[in-house]
Amino acid sequence: MTTIDPQFAALELQGLDERPVRLGDLWKEKPAAIVFVRHFG
Amino acid sequence: VAELRPHIPELEAAGGRVVIIGSGWPAAARDFVAQTQLPSQVPILCDGELRSFKLAGLKRSVFRTLSPLGWPAAIRAYRKGHRQSSPKGDVWQLGGALVIGTDGTVAYSKANSSPSDHPPPAALLSALQRLGESRAA
């Protein structure tokens, strides 16, 4: 198994409330299944 | 997401958190949540610049998006009643999935090969279970 790219973990994306969320925080406490959707629609 | 949604409880029961990243913007994501009835605890993140998609190694391709190879699955989804509204995001971007452990280990990675190719929920579950077993050991 590989380790996640630190650049990916450091990325900040907007949530529904438009506040930034650091991706690395998503799997800090429990594993994360991240699903990428092509677009919203 | 229609395929994933019924499996979210079992993925969470396996100790995981389900996160959705889309190529649109927050207003579009809010509409998406309303349409898809995703549970409120599922974080939805917006990446209009596709930075996370690129870093995750996901494909962006006009050819793969329009390829007839994806048509049979699209027809099956249509017959099951799944409908796509007007897309809000990058229509040439393809999706995928990552399952990441608390130490940053990537237990599962998939770059979709066409719009109708999706990460199987069973594969996500299996990866979360493997991470759970390695944490317990």
Side-chain angles (χ1 to χ4, degrees), chain A, chain B residues 1 4 11 14-26 28-33 35 43-47 51-53 55-56 58 65 84-91 93-109 112 115 119 124-125 127-128 131-132 135:
Chain A
M1 287 194 269
T2 58
T3 304
I4 195 68
D5 184 336
Q7 288 185 73
F8 184 86
L11 263 185
E12 289 189 347
L13 299 179
Q14 281 188 314
L16 290 178
D17 58 3
E18 306 190 14
R19 290 183 187 171
V21 175
R22 183 180 172 276
L23 295 190
D25 290 341
L26 296 169
W27 57 85
K28 208 158 71 179
E29 293 174 3
K30 56 171 87 171
I34 302 178
V35 176
F36 296 83
V37 296
R38 299 175 55 225
H39 47 69
F40 296 123
Chain B
V1 169
L4 173 70
L11 295 172
R17 162 183 289 145
V18 177
V19 178
I20 306 286
I21 298 179
S23 72
W25 49 94
R30 289 191 287 271
D31 291 344
F32 177 76
V33 170
Q35 285 167 16
I44 313 289
L45 302 177
C46 307
D47 188 4
R51 291 176 297 166
S52 62
F53 289 80
L55 286 167
L58 304 186
T65 302
Q84 183 180 303
S85 61
S86 61
K88 300 169 185 81
D90 189 317
V91 295
Q93 179 62 54
L94 295 171
L98 291 171
V99 177
I100 306 170
T102 53
D103 61 354
T105 296
V106 179
Y108 176 78
S109 172
N112 297 349
L124 302 177
L125 180 62
L128 288 171
L131 287 170
R135 285 171 81 187

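Keep in mind the model is a prediction, meaning the values are calculated, not measured. To find a chain, count down the sequence lines: A is the first, B the second, and so on, and within it residues start at 1. The figures that follow rest on heavy atoms only: side chains count, while hydrogens, waters and symmetry mates do not.
- The candidate from B/Ile44, B/Leu11, B/Leu55, B/Val19 with the greatest count of non-hydrogen atom pairs under 4.5 Å with chain A is B/Val19.
- No other option in A/Pro6, A/Gly15, A/Gly24 has as many heavy-atom pairs under 4.5 Å with chain B as A/Gly15.
- Contacts between A/Val21 and chain B at a heavy-atom distance below 4.5 Å involve the side chain alone, from C-beta outward.
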Do A/Phe8 and A/Ile34 pass the side-chain contact (heavy atoms from CB on, under 4.5 Å) test, and can you show the C-alpha distance, the side-chain angles, and the key distance before you say yes or no?
CA-CA 12 Å; A/Phe8 184 86; A/Ile34 302 178; 4.2 Å; yes

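- The CD1 atom of A/Ile4 sits 8.0 Å away from atom OG of B/Ser109, with the distance rounded to the nearest 0.5 Å.
- At a 4.5 Å heavy-atom cutoff, B/Leu125 makes no contact with chain A through either its backbone or its side chain.
- For the residue pair B/Cys46 and A/Phe40, the shortest heavy atom distance occurs at SG-CE1, 4.0 Å.
- For the atom pair A/Phe36 CZ and B/Leu58 CG, the distance stands at 5.5 Å (nearest 0.5 Å).
- Only the side chain of B/Leu128 comes within less than 4.5 Å of a heavy atom in chain A; its backbone stays farther off.
- With rounding to the nearest 0.5 Å, the separation of CD in A/Gln7 from CZ in B/Arg51 is 11.0 Å.
- Here NZ of A/Lys28 is found 12.0 Å from OG1 of B/Thr102. Values are rounded to the nearest 0.5 Å.
- With a threshold of 4.5 angstrom between heavy atoms, A/Lys30 approaches chain B through its backbone and through its side chain.
- Heavy-atom distances place both the backbone and the side chain of B/Val18 under 4.5 Å from chain A.
- Heavy-atom pairs under 4.5 Å with chain A peak, among B/Asp47, B/Asn112, B/Leu124, B/Leu131, at B/Asp47.
- For chain A, the option among B/Ala97, B/Gly16, B/Gly96, B/Gly15 with the highest count of heavy-atom pairs below 4.5 Å is B/Gly96.
- Put simply, CD1 on B/Ile100 and OG1 on A/Thr2 are 9.5 Å apart, with the number rounded to the nearest 0.5 Å.
- When heavy atoms are compared at a cutoff of 4.5 Å, A/Ala9 does not approach chain B at all.
- When all heavy atoms of B/Val106 and A/Thr3 are compared, the pair lying nearest together is CG2-C, 3.9 Å.
- Between chain A and the options B/Gly22, B/Ala107, B/Gly95, B/Gly132, heavy-atom pairs under 4.5 Å are most frequent for B/Gly22.
- Atom-to-atom distance recorded for A/Arg38:CZ and B/Leu94:CG is 6.0 Å, nearest 0.5 angstrom.
- Within the 4.5 angstrom heavy-atom criterion, atoms from both the backbone and the side chain of B/Leu45 approach chain A.
- Proximity to chain B involves both the backbone and the side chain of A/Leu26, based on heavy atoms less than 4.5 angstrom apart.
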